[in-house]
Number of protein chains: 2
Amino acid sequence: MKGKKDDRRVIYTKMVLRESLIKLLEKKNISQIYVKEICEIADINRGTFYAHYNDQFDLLNKIQDDLFENIKMHLSAYTNDDIHTPPVDMVEKIFEYIKENSKLCKLLLSDGGDLKFQKRVLTLVYEKSINEITKNSSISKEDAEYIHAFQLTGCLGIIQKWLDDDMKKSPYFIAETIIKLTTGLTELIRH
Amino acid sequence: MKGKKDDRRVIYTKMVLRESLIKLLEKKNISQIYVKEICEIADINRGTFYAHYNDQFDLLNKIQDDLFENIKMHLSAYTNDDIHTPPVDMVEKIFEYIKENSKLCKLLLSDGGDLKFQKRVLTLVYEKSINEITKNSSISKEDAEYIHAFQLTGCLGIIQKWLDDDMKKSPYFIAETIIKLTTGLTELIRH
DNA sequence: ATATGATTGTTGATTATTAAACACAATGTC
DNA sequence: GACATTGTGTTTAATAATCAACAATCATAT
């Protein structure tokens, strides 16, 4: 799948460059950020930056790809895990992950965030859960699609509010709430 | 005075190795700490450690030397600065420095700390202030020595208490207190 | 328009760090 | 005491990051 693993130097370089860009993104737009700035804050030679990334946008994309992949991993763990693990615990893990990366998530998922990225994440969740619900129920695919349009934007709303509130509520509470609301919805349609 | 300046890599390596050792020193004695541990926490190749230091003790010595040099710098700034700067502000700077390096200072200056190092610092302060006081007063050198024996251990006591209290009082407050107590002392002898 | 200054993207030579391996010493376990 | 395990100190070739320089591009103000 990939070449050799990065050694410590590469891992460190990428990490500080990412942190540096995230820090800058809290203050200004990506197109107002210079490569030079990123390197100064990261304390990394500019030449080294270009050895890994083409420009600011490339770096941001890589960061987004990573976040996306991680969310994907958490989601697949949720749907594929054995039946004996309560669903709440699995969803909780996703929110713990979001909390750990709150700075970045706030930037990308908030109102002023990256719309393309949000759509990308939502589509991922969408495909996962459409299958889940239509699989073992009498609900038509058409109905399910509307339910999920509602569910997805609803979840995003909850996440945004949670981040805005500086994650005062525990990840478990949010997970529980979301599980209740989403499972409740399908119950409503069934009857 | 010295050769070429270290580049970014060297600076980073030394920094993380120092932080790593300090972290370990909070849990155990220097002679119970392995070089291997230090490198693992710092995420630095063991070979790189040996490129800069001989062993744990050498690293600790270098850390102490640095702290010593910095305290020295702050002290000399205090005694050599122009007369218009209030002494309290100068002493405050020293305590701000201690606060910034509280972890390390706590380790080295506390009751269980390194006695040799404490003595070294005290001697430094001693020489500075003996001159200061005998210079423009009628106090004999013999008297001054006793006053300072008192002053120095007294100051160390205050610093230790301050560190034990997790530096709740501001650096300025401590500076003010120490100035009051030490200048007060010489007044007492004069009369 | 033109001049001034700052950022860019790339380069070449140099240096620091890396992973991996090694024989050896220290440590703990049965 | 013999045993396996773990840390030590050093070496190797490979590679990543460094600094410094460069012409080219962009920004801003005059």
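Chain letters run A, B, ... following the sequence lines, proteins first, then strands; residues in each count from 1.
In this structure, B:Lys28 pairs ionically with B:Glu37, as a charged nitrogen and a carboxylate oxygen lie closer than 4.0 Å. Between A:Arg9 and B:Asp43 there is no salt bridge, since none of the side-chain N atoms of the basic residue sits less than 4.0 Å from a carboxylate O of the acidic one. The residues A:Glu40 and A:Lys36 are annotated as salt-bridged, a charged nitrogen and a carboxylate oxygen being separated by less than 4.0 angstrom.
One can place CG of A:Asp7 at 17 Å from P of C:dA16, the figure rounded to the nearest angstrom. Per the geometry, CD belonging to A:Glu37 stands 14 Å off P belonging to C:dA6, to the nearest Å. One atom, CD1 of A:Ile38, and another, P of C:dA6, lie 20 Å apart when rounded to the nearest Å. B:Lys36 places its NZ atom 14 Å from the P atom of D:dT5, with the value rounded to the nearest Å. Put simply, CD on A:Glu40 is 14 Å from P on D:dT18, counting in whole angstrom units. Between A:Tyr12 atom OH and C:dA19 atom P there is a gap of 16 Å when expressed in whole angstrom units. Rounding to whole angstrom units, CZ of residue B:Phe49 and P of C:dT17 are separated by 13 Å. Counting to the nearest Å, the P atom of C:dA16 and the CZ atom of A:Arg8 are 18 Å from each other.
Among the candidates A:Lys169, A:Lys168, A:Lys161, the single residue satisfying the salt bridge (charged side-chain N to carboxylate O under 4.0 Å, His left out) test with A:Asp165 is A:Lys161.
At a threshold of 4.0 angstrom between heavy atoms, the contacts of A:Arg9 include nucleobase atoms, whether or not backbone atoms are also involved. Using a 4.0 Å heavy-atom cutoff across all strands shown, B:Tyr34 reaches sugar-phosphate atoms only and no base atom.
The backbone N or O of B:Gln64 lies less than 3.5 Å from no partner atom in the side chain of B:Asn61, so there is not a single donor-acceptor pair.
Within the structure, every side-chain polar atom (N or O) of B:Tyr50 is placed at least 4.0 Å from both OP1 and OP2 of D:dT10. Put simply, B:His52 has no side-chain N or O that comes within less than 4.0 Å of OP1 or OP2 on C:dA16. OP1 or OP2 of C:dT18 lies within a sub-4.0 Å distance of a side-chain N or O belonging to B:Thr48.
Judged by distance alone, with hydrogens and angles left aside, A:Arg46 brings a side-chain donor or acceptor within reach of the base of C:dG9, the pair sitting under 3.5 Å. Counting atom types as modelled, B:Asn45 pairs a side-chain N or O with a base atom of C:dA19 as donor and acceptor under 3.5 Å.
Mapping B:Thr13 and A:Ile33 onto DNA chain C by nearest heavy atom places A:Ile33 at the nucleotide closer to the 5' end.
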